[in-house]
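Below you'll find the structure, written out as structure tokens, and then a few comments.
Side-chain atoms are counted along with the backbone in the values below, which use heavy atoms only and exclude waters and symmetry mates.
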Amino acid sequence: MRAAVLTRFGAPLAVREVPDPEAGGGEVLVEVLAACVAPYAAEVFGGTRNYSLVPPVVPGVGGVGRIVHVGPDATRLRVGDLVWCDSTVRSRDDALTPDIALQGWSSRGEGGARLARYLHDGSFAELMRVPTENVFPLPAAAGDDPARWAALTVHAISYGGLLAGKLEAGETLLVSGATGNLGSSAVAVALAMGAGRVIAPGRNQAALGLLADRFGPRLRPVPLTGDEATDRAAMSAAAGGPIDMVIDLLPPSAPSSASRAAAMTVREYGRVVLMGGVGMLGGDDLALPYPWIMRNSVTVRGQWMYPRTANAGIIRLLASGTLDLAPERVRSFGIDAVNDAIAYAAAHAGPFDRTSLIPSAG
């Protein structure tokens with residue numbers, strides 16, 4: 001099969017023939033129809049994000065595909081099924097604290113590294129070997145535009161964070177990092193889940209305008225100044241009432257002060273979910289005040305990726321049309337243009353800009 005291979009950090013991906021993967025028991029072999037190219041992929045492949053990929057490796061985080069082979073333990077999946085392949089692989093020998101790896105992308109700890117050595121390659125290839133439990137049926141409509149449905153890579157993450165914070169219909173949510181690729185997904189998913197209003201702070205006026213135009217009065221944009229106290233007051237005022245939950249999806253380049261300003265707008269007994277990259281490349285700690293957390297009974301929770309059941313939930317939202325993919329701007333590239341796709345994704349990292357790789361296309 002043909003695949004895009006990261007031979008070393010800092011080098012362009014090389015498109016070459018590699019052996020077809022072979023699925024064993026508990027695994028599924030999938031023909032990859034479309035894979036999302038993350039806006040920060042160039043940072044991963046360049047080595048600046050310090051992800052635990054071990055070259056040579058076929059990268060790629062999840063994808064839409066069609067089943068070529070199923071193992072003997074599969075009871076529902078069939079050859080020819082259109083499916084979503086979730087990259088979040090968990091060890092099967094510890095139900096309480098399973099090790100985690102993102103297939104073809106990253107891992108956590110030594111246990112996660114062992115998983116990543118076994119399930120080494122991701123979705124930037126014509127075929128991918130995936131654990132059976134990571135494969136989810138898609139509606140037939142997804143087959144008409146798999147490149148658009150590859151946005152599941154993004155929407156599943158934001159949906160998982162909202163589930164972690166137990167967002168309820170009618171609540172007010174603040175999305176820290178709302179003008180980014182992932183943060184804007186959280187805005188759309190939260191409104192699809194029934195959020196009463198969403199506070200969207202950011203410095204990018206054009207992106208704030210795009211969000212306001214798409215979502216109307218339930219979306220409250222807040223231009224940020226960079227002054228922590230001023231921005232906190234503006235976010236609180238925009239809510240017009242208590243903020244029930246804050247989800248932080250800011251990138252590693254953002255200062256911890258921006259995360260703190262957003263988090264401290266939450267009401268008494270409110271919830272804060274930390275899901276971004278702040279601090280991953282150094283910088284100050286978040287430093288939320290102990291007395292504020294304790295006296296206001298605030299829940300602060302970290303969340304990496306999402307539970308397995310979130311895949312089924314986000315697919316239901318998309319299949320029903322409650323979460324609409326139609327407004328998203330999708331640009332697709334064949335596998336020979338994989339490095340062009342990576343550069344394009346980096347230059348188009350705003351709200352609802354998607355870049356997809358079509359491995360079967362040259």
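- For the pair Arg114 and Asp99, the salt-bridge criterion is not met [side-chain N within less than 4.0 Å of a carboxylate O].
- Summarising the geometry, atom CH2 belonging to Trp149 is positioned 13.5 Å from atom CG belonging to Leu33; distances are rounded to the nearest 0.5 Å.
- A salt bridge links Arg117 to Glu110: at least one charged side-chain nitrogen sits closer than 4.0 Å to a carboxylate oxygen.
- For Tyr159 and His155, the gap between ring centers reaches or exceeds 6.0 Å.
- Between the side chains of Ser176 and Asp248, a donor-acceptor pair is found at a separation under 3.5 Å.
- You'll find the side chain of Val298 reaches within 4.5 Å of the side chain of Val272, heavy atoms only.
- Applying the side chain to side chain contact (heavy atoms under 4.5 Å, CB included) test between Phe124 and each of Val5, Val37, Val32 identifies Val37 as the sole match.
- For Ser107 and Ser52, the side-chain atoms include at least one donor-acceptor pair closer than 3.5 Å.
- The pair Glu228-Arg260 meets the salt-bridge criterion, since a charged nitrogen lies less than 4.0 angstrom from a carboxylate oxygen.
- Side chain to side chain, Asp86 and Thr88 meet the donor-acceptor criterion of an N or O pair below 3.5 Å.
- Between the CD1 atom of Ile100 and the CZ atom of Arg90 there is a distance of 5.0 Å, given to the nearest 0.5 Å.
- Aromatic rings from Phe45 and Phe9 are positioned such that their centres are separated by 6.0 Å or more.
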